[in-house]
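Convention: sequence-line order gives letters A, B, ...; per-chain numbering from 1. What you see below is based on every heavy atom in this structure, not just the backbone, and it leaves out hydrogens, waters and symmetry mates.
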2 protein chains.
Amino acid sequence: MKNMTQEPRNILSQHKVSITNPRIIVLDTLLDFGNPITVEELQSKLKGKVAKSTLYRVLNDLKKINILNEFTSPDNAVVVELILEEDSHHHHLFCSDCGEVIDVELSDEFEMMLVKEMEKVQKELHFEIKDHRVEMFGLCTDECSNCE
Amino acid sequence: MKNMTQEPRNILSQHKVSITNPRIIVLDTLLDFGNPITVEELQSKLKGKVAKSTLYRVLNDLKKINILNEFTSPDNAVVVELILEEDSHHHHLFCSDCGEVIDVELSDEFEMMLVKEMEKVQKELHFEIKDHRVEMFGLCTDECSNCE
DNA sequence: ACAATAAATGAGAATAAGTCTCATTTATTT
DNA sequence: AAATAAATGAGACTTATTCTCATTTATTGT
Ligand SMILES: [Mn+2]
Ligand SMILES: [Mn+2]
Ligand SMILES: [Zn+2]
Ligand SMILES: [Zn+2]
């Protein structure tokens, strides 16, 4: 049985934001793509359907309700991805050649060790750490549909 | 005895790029600041000394010879830092409040474990990983000179 | 040290990602 | 269905970065 929460209308109503066409279209596009995507690429997919200003507004709306993650690729492209309830904590791998961004889940042992490292840092630097991110850079080889 | 390689002129000649005033001034400013710095802040420090276009060109030059690291802070500010020979591999901590970026060295055990994780990922995803980055986000407390 | 040659610079124009404005449309509430 | 509040589209605006090109500065060979 398919998860109801994956429908744009449900996502929006769950977060108490009004259900509008541009929001549905943007969510649909992100869900359909299924991977982290460049704002540029997203814009081209939405060409003629959602105004540029609206796209940026919708992305901000999604960030505000914490269902959109935004980060910057090594070549300074802004990348966004939906944060779905079923998603687990993960990190990213960037191909320096084709620009693809790939989700990576690291082992629990690793994550636990990272938490311990962060606790050490918190104490040493008197810093309250709220979040972390691990990014890996390299080149995709035979599995890459873009840059084989 | 102070390390000769830390002098702008030496850094430049070691990397076989011509020794010019703007390059010396930019390197001096980065060395003097000693921490990761926002391009914006760097620009204000160089106001009247180095033209905006030249600053960007020099930063690109330094990136090309691999002595400048560039990354993006959570509020999308571009941050740069010199990579000096004496620097060891390290990561960064970002204060969401004042924007400060702090160098963090994580334990060797952690780094070794991360390498192992990367090896696993390489095999699973047929990806050749060249580099990695760990970023931590949070709030500085009593030690922060900017946002106490 | 000096001319010739190549490389780098400054000033400002051009580009483009992201924001803002405001008249109109759409959603929500009553 | 009317009233109210919120969101949208189109394009103007802002601003970080890149580009152009005439001038200056560095390097090389003599
Ligand atoms: Mn992801
Ligand atoms: Mn650093
Ligand atoms: Zn690739
Ligand atoms: Zn701070």
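Distance, B:L46 CG to C:dT9 C1': 14 Å, rounded to whole Å. We find that NZ of A:K49 is positioned 16 Å from P of D:dT8, with the value rounded to whole Å. Atom CD in A:E40 sits about 9 Å away from atom P in C:dG18, given to the nearest Å. In this structure, the CG atom of A:L12 is 12 Å from the C1' atom of C:dA27, given to the nearest Å. When the P atom of D:dA6 is taken as reference, atom CG of A:D61 falls 13 Å away, rounded to whole Å. Distance B:N60 CG to C:dA7 C1': 16 Å, rounded to the nearest Å. One interatomic measurement links the two molecules: CG of B:L42 to P of D:dT17, which rounds to 11 Å at whole-angstrom precision. In this structure, CG of A:L55 is placed 16 Å from P of D:dA7, rounded to the nearest angstrom.
Heavy-atom distances to DNA chain D give each of A:V58 and B:Q43 a nearest nucleotide, and the one nearer the 5′ end belongs to A:V58. The nearest heavy atom of DNA chain D to B:Y56 and to A:V50 marks one nucleotide each, and the one closer to the 5' end goes with A:V50.
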Stepwise, does the side-chain contact (heavy atoms from CB on, under 4.5 Å) test hold for A:H132 with A:E111? CA-CA 10 Å; A:H132 71 270; A:E111 294 287 349; 3.1 Å; yes

I would like to know whether B:M136 and B:H91 meet side-chain contact (heavy atoms from CB on, under 4.5 Å); could you show each step before the answer? CA-CA 8 Å; B:M136 307 181 345; B:H91 299 288; over 6 Å; no

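At a cut-off of 3.5 angstrom, counting only N and O atoms as typed in the model, there is no donor on one side facing an acceptor on the other between the side-chain of A:K52 and the base of D:dG9. A donor-acceptor contact under 3.5 Å is formed by the side chain of A:S53 with the base of D:dA10.
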Distances under 3.5 Å between protein N/O atoms and the N/O atoms of nucleotides 21-28 of chain D, please, pair by pair.
{"unit_1": "D:dT27", "atom_1": "OP1", "unit_2": "B:I19", "atom_2": "N", "d": "3.2"}

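Legend: residues meeting side chain to side chain contact (heavy atoms under 4.5 Å, CB included) with B:N76, ordered by chain and number and at least two apart, are A:E70, A:T72, B:T72.
Relative ring orientation between A:F94 and A:F71 is described as perpendicular, the plane-to-plane angle rising above 60° on a 0-90° scale split at 30° and 60°.
Within the 3.5 Å criterion, the main-chain N or O of A:F110 finds a donor-acceptor partner in the side chain of A:S107. With hydrogens and angles ignored, the 3.5 Å screen pairs no side-chain donor or acceptor of B:R9 with any backbone N or O of B:I19.
At a threshold of 4.0 Å, the pair A:K116-A:E119 does not count as salt-bridged, since none of the basic side-chain nitrogens sits closer than that to a carboxylate oxygen.
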